[in-house]
Amino acid sequence: MLCLNWLLVGALLALAESWNVVHADDGSERNCSAMPPYLPPTAVNTTQRLRALRETMSSLNVSAYIIPGTDAHLSEYIAQRDARMAFMTGFTGSAGTAVVTQNKAVLWTDSRYWVQAERQMDCNWELKRDVSISSITAWLIQEVADSDGIAFDPFLFSIGKAYSRNLAPANMVLKSLPDNLVDTVWKDRPPVPSDVLIRLPDRIIGVCVCSALISGLIPRRSFFPLWTRPPVRTTPRIPETSHSGLLGKRHLFPLSVSGLFNLRGNDIPYNPFFYSYTLLTLDEIWLFVHKDRVTKEIKDYLNGSCFQANCVQLIEYNQVRKMLSDYLTRPGVKVWIGTEYTNYALYELIEKSLTSDYSPVLTSKAVKDKTEQRILREAHMRDAVAVIQLLMWLEKVVPEGKETEMTAAKFVNECRSKQKENRGPSFETISASGPNAALAHYSPSNETSRKLTVKEMYLVDSGGQYLDGTTDITRTVHWGTPTDMQKEAFTRVLMGNIEISRTIFPSGTRGECINMEMLGRRALWEVGLNYGHGTGHGVGNYFGVHEYLYFMSRCTVFLLEPGYYKENDFGIRIEDVVVTVPAPTKYGHNYLTFETVSLVPYDKKLIDTSLMSPQQLQWLDLYYQTIRRLLVPELDRQGLTEEKEWMLRNTEPLQRSTASAAMSSFSLTFTALATALIHDFI
Ligand SMILES: *[C@@H]1O[C@H](CO)[C@@H](O)[C@H](O)[C@H]1NC(C)=O
Ligand SMILES: *[C@@H]1O[C@H](CO)[C@@H](O)[C@H](O)[C@H]1NC(C)=O
Ligand SMILES: *[C@@H]1O[C@H](CO)[C@@H](O)[C@H](O)[C@H]1NC(C)=O
Ligand SMILES: *[C@@H]1O[C@H](CO)[C@@H](O)[C@H](O)[C@H]1NC(C)=O
Ligand SMILES: *[C@@H]1O[C@H](CO)[C@@H](O)[C@H](O)[C@H]1NC(C)=O
């Protein structure tokens, strides 16, 4: 799954500028210049709710109110209860910011959503085809006369100061109002998610987190709040985090309360998190949660045989600001938080007591132990079966011309749902053919879904939640005859993926310091090709205990996702999850390399082996051997003979016969080492 980072936003904006905005003339979009204005049946009448909001605003002397599309945990996917932007505007897309003044109502969103916004909004709303904060603040400066008239809900903003920075030259300040004004006018607001929390089974918990906490693995020098986090896969990379926390930008960090206590909920789509905060001090562990969701069994589990400071106190979720503020009145309190995952409502209380901007625990545990490896691999094995079922099915049915991006996405979700321990998809499947695959962040809808044909390339980026793991994998295929250019581009993307995977580096090197960008892009750069997003980043396997371990180490699991996109034509991405494993080296100790745990072969038709080095080919064949070794028993166990044959056909050795003769002694050594290594971890 692609991460929407600044590079991408840039690309998106560039793309947006180059597009002519063409309106549909089929009556599916509003026409506010018609007399009377024309509204499609999908438009929501927001007159009443806007009037109510404006009344509330004027009673509080608020001239403009900012309504972001996120929740208090800055989640990418939110619960219906938090869909305030959608309630006010009618627009249900997953990204956008709305602003209401006494006489205007404006929505900012990016090009993915323009059509949808024109269909869902009524003429009370103006659409701004932009997403930058500077565009919003420029508009505010122009529209708002009083210097302290702009208000916002600090729970829905990250701690960055982009808004205030942009408004400062105009002598304007933002007013923080912790009671959300939309909530006051939202009569039938959906209730708090109330399903009881579940506890992860012991067998998949490698390390008891609570005991780590108690034994001091997590230093309890002071407290730091931790919250439920959105998907790990969108963790920003270094360039983004360094100017971290622009207000309203979603900063994601994988640590979660869910991970800390081994509890799970289903409050938001795609992520097994529940709404909560934790406050950890030398003397107490406070868990802020909707208390009636915690069963007696979980209470017993949380307290176990606890003693004093190690007992978990449950406190109502909405008390967090008050309790925190009380806590801060204690003399000499210093606070540790992670700026990446703190909302402004808590940060504005903590600001003066901060000891460090960074997350407190970043010590090393660079390699997962064997139990963790096994657990991780098992989820990926079952997941590979689902992806193989999709690819095999598409190969058969696409030539018949009946399937679309949507039906393919549905099919892979169904295949996953049949796998043991599956808990649904881990994000919205990107199922994209032809030019759609070149669009950043594209997911098919009824309106955009293309028919799949043997004439176009197809990219599928999908993942599943399993009780024992989270997966995320992208494969690009062609069912007909790819052009030479497509083949070359695909092969070079693959070469990038392999070059990173086979790198050996000293333990302790942070993922970001291994130059993944260079390694991933070199083969493309050689022929003047490139791509507009990051190549690899650390992820947590958050549905197991791995998220916590990731927190301890930051980088034991990575996502590699090199790609190439040709506008209006096709898109290529190859994405695999890799874990760090020990790499025996001739002279050194404590060296690591990556092991790919995603287990689906690449499209043979798109690989031009003549471009690849013997080492790369050898790596690939070794990877295919691993796939066979792991998937043959799994497919047998599931009785999937046809899938097994498909897998075997697609993992035949690719190495040129002449290549082996030319192979350097280095690569032979590498193979031997890597083979030993893989054996060691099965
Ligand atoms: C909107 O309505 C106006 C006035 O009737 C008309 O001229 C214009 O073509 C319409 N726009 C679209 C996109 O239908
Ligand atoms: C929207 O609702 C308001 C009152 O709630 C009503 O007066 C108005 O006619 C409605 N607008 C449309 C276009 O139906
Ligand atoms: C709003 O402004 C008026 C006039 O300046 C003032 O009297 C009133 O107290 C203000 N109300 C609030 C809620 O700030
Ligand atoms: C855990 O034990 C403490 C101390 O006895 C008690 O105050 C607290 O309510 C208990 N927590 C839970 C979750 O039952
Ligand atoms: C998309 O189309 C399918 C099949 O026609 C229909 O069941 C579904 O409700 C549509 N979804 C949306 C969001 O319109």
Side-chain angles (χ1 to χ4, degrees), residues 16-67 83-93 98-107 109 111-130 140 143-155 163-164 167 170-189 321-322 344-345 348 445-448:
E17 274 161 25
S18 69
W19 277 356
N20 279 325
V21 181
V22 185
H23 287 281
D25 52 7
D26 57 1
S28 68
E29 293 181 25
R30 64 181 183 164
N31 184 352
C32 297
S33 51
M35 233 21 216
Y38 169 75
L39 292 178
T42 43
V44 176
N45 185 343
T46 60
T47 302
Q48 194 62 46
R49 52 192 79 168
L50 272 171
R51 188 182 301 142
L53 179 67
R54 283 174 172 145
E55 273 165 23
T56 310
M57 284 165 60
S58 93
S59 73
L60 295 167
N61 295 342
V62 169
S63 306
Y65 191 59
I66 309 174
I67 309 161
R84 298 179 180 92
M85 179 190 74
F87 168 75
M88 280 316 299
T89 63
F91 164 68
T92 57
V99 175
V100 175
T101 65
Q102 282 305 329
N103 50 23
K104 289 192 180 161
V106 183
L107 171 82
T109 190
S111 58
R112 290 173 290 164
Y113 294 117
W114 295 343
V115 170
Q116 187 180 342
E118 295 287 359
R119 286 178 179 165
Q120 296 182 316
M121 296 201 302
D122 66 6
C123 291
N124 288 313
W125 287 89
E126 186 186 333
L127 173 64
K128 293 275 189 206
R129 295 178 160 78
D130 196 347
L140 284 166
E143 294 291 327
V144 179
D146 48 333
S147 63
D148 63 347
I150 306 166
F152 72 107
D153 175 350
F155 279 101
Y163 276 90
S164 10
L167 293 170
N171 288 322
M172 297 176 97
V173 288
L174 283 169
K175 193 151 64 181
S176 162
L177 297 178
D179 291 322
N180 191 289
L181 302 191
V182 175
D183 296 354
T184 64
V185 304
W186 193 350
K187 294 284 177 284
D188 48 359
R189 187 174 170 215
R321 215 171 119 103
K322 182 179 176 304
Y344 194 79
E348 68 181 347
S445 63
N446 277 357
E447 293 77 29
T448 59

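Just so you know, ligand 1 is whichever comes first in the structure, and atom 1 is the first atom listed for that ligand. Position 1 is the first residue of the sequence, and the numbers go up from there.
Looking at residues two or more places apart in sequence or on another chain, you find a salt bridge (Lys or Arg N to Asp or Glu O under 4.0 Å) between Lys322 and Asp326. Residues passing the ring-ring contact (aromatic ring centres under 6.0 Å, His included) test with Phe91, sequence neighbours excluded: Tyr113. Not counting sequence neighbours, Arg54 has no partner by the salt bridge (Lys or Arg N to Asp or Glu O under 4.0 Å) test.
Gln120 and Thr92 share a donor-acceptor pair across their side chains, judged by distance under 3.5 Å alone.
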Start with the C-alpha distance between Tyr163 and Phe152, add both sets of side-chain angles, then the distance that settles ring-ring contact (aromatic ring centres under 6.0 Å, His included), and finish with yes or no. CA-CA 11 Å; Tyr163 276 90; Phe152 72 107; 7.8 Å; no
Apply the test side chain to side chain donor-acceptor pair (under 3.5 Å) to residues Asn171 and Ser147: give CA-CA distance (whole Å), side-chain angles for both, the deciding distance (0.1 Å), then the verdict. CA-CA 6 Å; Asn171 288 322; Ser147 63; over 6 Å; no
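Polar contact check, Asn45 against ligand 2: a nitrogen or oxygen pair lies under 3.5 Å apart.
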Measure from every N or O atom of ligand 3 to the protein's N or O atoms and keep only the pairs below 3.5 Å, writing each with atom names and distance to 0.1 Å.
{"from": "ligand 3", "atom 1": "2 (O)", "to": "Asn61", "atom 2": "OD1", "distance (Å)": "3.4"}
{"from": "ligand 3", "atom 1": "2 (O)", "to": "Asn61", "atom 2": "ND2", "distance (Å)": "2.2"}
{"from": "ligand 3", "atom 1": "11 (N)", "to": "Asn61", "atom 2": "ND2", "distance (Å)": "2.9"}
{"from": "ligand 3", "atom 1": "14 (O)", "to": "Asn61", "atom 2": "ND2", "distance (Å)": "3.3"}

